[in-house]
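To start, the structure itself, in structure tokens.
Per chain, numbering begins at 1; letters A, B, ... match sequence-line order. In what follows, every heavy atom counts, from backbone to side chain, and hydrogens, waters and symmetry copies are set aside.
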Amino acid sequence: MKYLFKKEQLKFGFNMSQYVFRIGEIESMSGISARQLRYWESKGIIMPLEREDEQSGRIYPFKMFIRIMMIKTYLDQGNTLKNAVIRVDETQNFMRPTHDILSSAFHGLVYEEDMVYIDLGDFDTDGNQRLLAYQKKSGENQKVSYRIVDKEDLEESDE
DNA sequence: TTTCTGACA
DNA sequence: TGTCAGTA
């Protein structure tokens, strides 16, 4: 088995933090008026980014756009603003550990013949074994399977 | 042009 | 929340 690449060799990751939006952009993307966004801010529901330059216009990170869209979704379902925010906070609170665990669990991609595995890191405390996850090809069955391999069976990638 | 704050409805 | 005024 051989590494296609390891996490630290990943060259084409998307760091969404580089995408920020002005209030007018959020307004046209979300349908939430700028007036409304400023009102939400006054209630502590959303927060613009701290700007390093001395410009006064608000800028929002991509994550805040997601939050705004989630609030809007609950609002459109008939929730009050207060309840919409409570629901979004609940959702974000349980999504965070899920996201954190999944992103830190990813250690790289390994292949063997035509099979690709995700390296999920050390399986044992000694670090002699690696846990790999994969899906069987073809089948409609999307179940994830796991495989434990000895670390010495894993070759580094070529580069 | 866009955004900001404050005021009034 | 929408809208308007007067700015930066």
Write down the distance between [atom1] ([X]) and [atom2] ([N]), rounded to a whole number of angstrom.
| X | N | atom1 | atom2 | answer |
| --- | --- | --- | --- | --- |
| A:Phe21 | B:dT2 | CZ | C1' | 17 Å |
| A:Leu37 | B:dT2 | CG | P | 16 Å |
| A:Arg38 | B:dT5 | CZ | C1' | 8 Å |
| A:Arg22 | C:dA8 | CZ | C1' | 14 Å |
| A:Ile23 | B:dT3 | CD1 | P | 7 Å |
| A:Ile26 | B:dC4 | CD1 | P | 12 Å |
| A:Tyr39 | C:dT3 | OH | P | 18 Å |

Check ion pair A:Glu152-A:Arg130 (N to O, under 4.0 angstrom): no

A:Arg58 side chain near B:dC4 phosphate (N/O to OP1/OP2, under 4.0 Å): yes

Under 4.0 angstrom between A:Arg35 side-chain N/O and B:dG6 OP1 or OP2: no

A:Tyr134 atom OH, over 12 foreign heavy atoms within 6.0 Å: yes

Other residues, nucleotides, ligands: >12 heavy atoms within 6.0 Å of A:Phe123 CZ: no

Co-membership, hydrophobic cluster, residues A:Phe106 and A:Met115, 4.5 Å side-chain: no

Base paired to C:dA8 (Watson-Crick or G-U; both N/O distances under 3.5 angstrom): B:dT2

